[in-house]
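One structure, pasted below without further comment.
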Amino acid sequence: MKKFKILAINPGSTSTKISVFENDDEIFTETIRHSSDDIQQFKRIINQFEFRKKIIEKVLDENNLLNEGLHAVVGRGGLLRPLSGGTYLIEDAILRDLRVGVSGEHASNLGGIIAYEIGKDFHIPSYIVDPVVVDELEPVARISGIPEIERKSIFHALNQKAVARSYAKEIGKPYESLNLIVVHMGGGITIGSHKNGRVIDVTNALDGEGPLSSERSGALPVGDIIKMCFEKKYNEDFLKKRMVGKGGAVAYLRTNSIIEVLNLIEKGDKKAKLIFDAMIYQISKEIGAFSTVLKGNVDTIILTGGMAYSEKIIDLIKERVDFIAPIKVYPGEHEMSALAQGALRILKKEEIPLIYNPD
Ligand SMILES: Nc1ncnc2c1ncn2[C@@H]1O[C@H](COP(=O)(O)OP(=O)(O)O)[C@@H](O)[C@H]1O
Ligand SMILES: CCCC(=O)OP(=O)(O)O
């Protein structure tokens, strides 16, 4: 059987993950964590292009990973216009929309752009898989409360779908037969209701919904935000950063590392404990809300993302929500293999790549 070598690139808000796969086998993986200071020196996401690309190239170079020839590069896709899940060939329309941030700014915008540039250097195709704007919301979930604003689907689509499918495979049932709540706890935290294989409602990771996280505010009281908008001491940039990048633990405790927050708590820091407790409380409260989306028929609650490595975090969430459904934990993410699998299906000609055509 022909062996395909695939480079997968995953820029997140607090990390850059790099993996190389040979067909289904992961032959290399590395996670580089970025401090809030490293990230906040850049005004726009696109300005991080050189910074992240150089890191990736250095890691590949140091590990002699470019010598034997890659067949494809695949990146975590970013804030395009809402679309269906699948593997997309990176072409001009994707690059244009990622560069301008047509649906907003997030590190995953760089996934497609860097994958394309590396692909171009090596004359191989580049793809994105299940970008953060995969949209399967039911009409009722789109209603915000005022006609000027429609709720949007912006979440950890790649990992939420990947862990849900892995779980379904593990228990020998089709994903399409299950009702799941998936909680991804990374730099951002998103909670989604998966009903028979579709994410019918989900907290928006970037527009002030859901729980506070290591670097995001989560949901805020709108009236107070309106007041802040009209106070001279704040500007648009400051307020946007308070919501994404400099909110949550960064705002209260000056760190985007939940590991560091847990260390502070160990040392007796009362403020760190309060903010951490509030994060657990808000995550659990949101799981409760999302159980009503499934009318209480929840087969399993899946906890995943970097924070799911912590037994303490898992135990505290369990204590509040295990009356709803059994809990399954997938620490970290399945994003790297999901990216590689998406590209592999194309290389093996099992699928043809989707073309992004928003116009
Ligand atoms: N062992 C751990 N215990 C608690 N938190 C962790 C652990 N490992 C990573 N984290 C936290 O998980 C978050 C990053 O998760 P990750 O899914 O890698 O994020 P992203 O891809 O959004 O950058 C950070 O806040 C990090 O501190
Ligand atoms: C943009 C939605 C996904 C998200 O927030 O990802 P990170 O947690 O990796 O920043």
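Only this structure's heavy atoms are used, side chains among them; waters, hydrogens and symmetry mates stay out. Atoms within each ligand, like the ligands themselves, are counted from 1 in listed order. Quantities reported herein were computed from a predicted structural model and do not represent experimental measurements.
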Query - Gly187: numbered ligand 2 atoms lying under 4.0 Å from its heavy atoms - result: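 Going through ligand 2 atom by atom, the ones under 4.0 Å from Gly187 are 8 (O).
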
Requested in this report: Quick one: do Lys120 and Glu117 satisfy salt bridge (charged side-chain N to carboxylate O under 4.0 Å, His left out)? Show the steps, please.
Outcome: CA-CA 5 Å; Lys120 198 169 74 178; Glu117 290 298 328; 3.5 Å; yes

Query raised in the report: Nearest to atom 13 (C) of ligand 1, what protein heavy atom do you find, and at what distance?
Result: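 In this structure, atom 13 (C) of ligand 1 has Gly186 C, 4.0 Å as its nearest protein heavy atom.
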
**Report entry** Shortest protein heavy-atom distance from atom 5 (O) of ligand 2, along with the residue and atom involved
**Finding:**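 Scanning the protein heavy atoms, the shortest distance from atom 5 (O) of ligand 2 goes to Arg216 NH1, 2.5 Å.
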
Report task. Closest by any non-hydrogen atom to atom 8 (O) of ligand 2: pick that one out of Met185, Gln160, His156. Result ->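 Going through Met185, Gln160, His156 one by one, His156 has the nearest heavy atom to atom 8 (O) of ligand 2.
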
Query raised in the report: Where is the nearest protein heavy atom to atom 23 (O) of ligand 1: which residue, which atom, and how far?
Result: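 Nearest neighbour among protein heavy atoms for atom 23 (O) of ligand 1, to 0.1 Å: Thr14 OG1, 2.6 Å.
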
Query raised in the report: Have Arg151 and Ser144 got a donor and an acceptor in their side chains that come within less than 3.5 Å?
Result: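 Per modelled atom types, Arg151 and Ser144 side chains form no pair under 3.5 Å.
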
Report task. Could you check which of Val250, Asn256, Ile313 puts a non-hydrogen atom nearest to atom 25 (O) of ligand 1? Result ->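 The option holding the nearest heavy atom is Asn256.
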
Query raised in the report: Just checking, is any N or O donor in the side chain of Thr190 or His156 under 3.5 Å from an acceptor N or O on the other one?
Result: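 Judged by distance alone, the side chains do pair up.
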
Query - Heavy atom of the protein closest to atom 4 (C) of ligand 1 (residue, atom name, distance) - result: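 Here the nearest protein heavy atom works out to Ser310 CB, 3.6 Å.
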
**Report entry** Residues Glu333 and His184: side-chain donor-acceptor under 3.5 angstrom
**Finding:**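 Note: Glu333 and His184 side chains miss the donor-acceptor criterion.
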
Requested in this report: Starting from the C-alpha separation in whole Å, work towards a yes-or-no answer on ring-ring contact (aromatic ring centres under 6.0 Å, His included) for Phe51 and Phe42.
Outcome: CA-CA 10 Å; Phe51 166 76; Phe42 301 101; 5.3 Å; yes

Query raised in the report: What do we get for Ala205 next to ligand 2 when only non-hydrogen atoms under 4.0 Å count, side chain, backbone, both or neither?
Result: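 Looking at Ala205 and ligand 2, just side chain atoms fall under 4.0 Å.
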
**Report entry** Backbone or side-chain N or O of His156 under 3.5 Å from ligand 1 N or O
**Finding:**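 The answer is no, given that His156 and ligand 1 share no N or O pair closer than 3.5 Å.
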
Report task. Would you please determine whether His184 falls within less than 4.0 Å of ligand 2 on a heavy-atom basis? Result ->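 His184 does not count as a contact of ligand 2 under the 4.0 Å cut-off.
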
**Report entry** Side chains of Leu7 and Val74 in contact at under 4.5 Å (non-hydrogen atoms)
**Finding:**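 The answer is no, as the side chains (C-beta and beyond) never meet within the 4.5 Å cut-off.
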
Report task. Have a look at ligand 2 and work out which part of Glu105, if any, has a heavy atom under 4.0 Å from it: side chain, backbone, both or neither. Result ->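 Neither; no heavy atom under 4.0 Å.
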
Query raised in the report: Where on Arg76 is there a heavy atom closer than 4.0 Å to ligand 2, on the side chain, on the backbone, on both, or on neither?
Result: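 The answer is the side chain.
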
Query raised in the report: Looking only at distance, does Gly188 have an N or O less than 3.5 Å from an N or O of ligand 2?
Result: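 The answer is yes, given that Gly188 and ligand 2 share an N or O pair closer than 3.5 Å.
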
Query raised in the report: Taking distance alone, with no angle check, do Ser13 and ligand 2 share an N/O pair under 3.5 Å?
Result: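 Among all N and O atoms of Ser13, at least one is under 3.5 Å from an N or O of ligand 2.
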
Report task. Kindly confirm or rule out an N or O of Arg76 lying under 3.5 angstrom from an N or O of ligand 1. Result ->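 No, no N or O pair falls under 3.5 Å.
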
**Report entry** Close-contact set for ligand 1 against Ser214 heavy atoms, below 4.0 Å
**Finding:**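 Answer for ligand 1: 25 (O).
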
Requested in this report: Please determine if Tyr309 has a nitrogen or oxygen closer than 3.5 Å to a nitrogen or oxygen of ligand 1.
Outcome: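 Checking ligand 1 against Tyr309, no N or O pair falls under 3.5 Å apart.
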
Query raised in the report: Side chains of Asn159 and Thr304: donor-acceptor distance under 3.5 Å anywhere?
Result: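 Distance-only check passes for Asn159 and Thr304.
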
Report task. Would you check if there is a donor-acceptor pair between the side chains of Glu215 and Asn256 at a distance under 3.5 Å? Result ->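 The answer is no; no qualifying pair exists.
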
Query raised in the report: Are Glu138 and Lys195 close enough for a salt bridge, meaning some N to O gap below 4.0 Å?
Result: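 Salt bridge flag = no for Lys195 with Glu138.
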
Query raised in the report: Do we see a donor-acceptor contact under 3.5 Å between the side chains of Gln160 and Asp130?
Result: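 No - no donor-acceptor pair under 3.5 Å links their side chains.
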
Requested in this report: Return yes or no for this condition: an N or O of Ile258 is under 3.5 Å from an N or O of ligand 1.
Outcome: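 Yes; the residue has a nitrogen or oxygen that sits under 3.5 Å from a nitrogen or oxygen of the ligand.
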
Report task. For atom 7 (C) of ligand 1, grab the closest protein heavy atom and report residue, atom and distance to one decimal in Å. Result ->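 Answer, as residue, atom name and distance: Gly306 O, 3.3 Å.
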
Query raised in the report: Taking N or O atoms only and a 3.5 Å limit, does Lys17 qualify as a polar contact for ligand 1?
Result: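 Yes, since at least one N or O of Lys17 sits under 3.5 Å from an N or O of ligand 1.
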
Query raised in the report: So, Ser13 versus Arg216: side-chain donor-acceptor pair below 3.5 Å or not?
Result: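 Arg216 and Ser13 do have a side-chain donor-acceptor pair below 3.5 Å.
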
Query raised in the report: Which class fits the ring pair Tyr330 and His334: parallel under 30°, tilted 30 to 60°, perpendicular over 60°?
Result: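 Rings of Tyr330 and His334: perpendicular, as their planes differ by over 60°.
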
Query raised in the report: Does a sphere of radius 6.0 Å around NZ in Lys348 hold more than 12 heavy atoms from other residues, nucleotides or ligands, not counting ones at 6.0 Å or beyond?
Result: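 Yes, NZ of Lys348 has more than 12 neighbouring heavy atoms, counting only those of other groups under 6.0 Å.
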
Query raised in the report: Among His106, Glu333, Lys17, which one has a heavy atom closest to atom 1 (C) of ligand 2?
Result: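 Result: the heavy atom closest to atom 1 (C) of ligand 2 is in His106.
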
Report task. Would you tell me whether Ser15 and His34 have side-chain atoms, one donor and one acceptor, within less than 3.5 Å of each other? Result ->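 No - no donor-acceptor pair under 3.5 Å links their side chains.
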
Query - Closest to atom 11 (C) of ligand 1 among His106, Glu335, Lys312, Met307 (heavy-atom distance) - result: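 It is Met307 whose heavy atom sits nearest to atom 11 (C) of ligand 1.
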
**Report entry** Close-contact set for ligand 2 against Gly12 heavy atoms, below 4.0 Å
**Finding:**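 The atoms of ligand 2 under 4.0 Å from a heavy atom of Gly12 are 9 (O).
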
Query - Under 3.5 Å: N/O of Gly187 near N/O of ligand 1 - result: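 Among all N and O atoms of Gly187, at least one is under 3.5 Å from an N or O of ligand 1.
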
**Report entry** Numbered atoms and elements of ligand 1 in range of Arg33, under 4.0 angstrom, heavy atoms
**Finding:**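 Checking each atom against Arg33, I get 14 (C), 18 (O).
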
Query raised in the report: Does the side chain of Val134 reach to within under 4.5 Å of the side chain of Leu83, using non-hydrogen atoms?
Result: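 They are in side-chain contact.
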
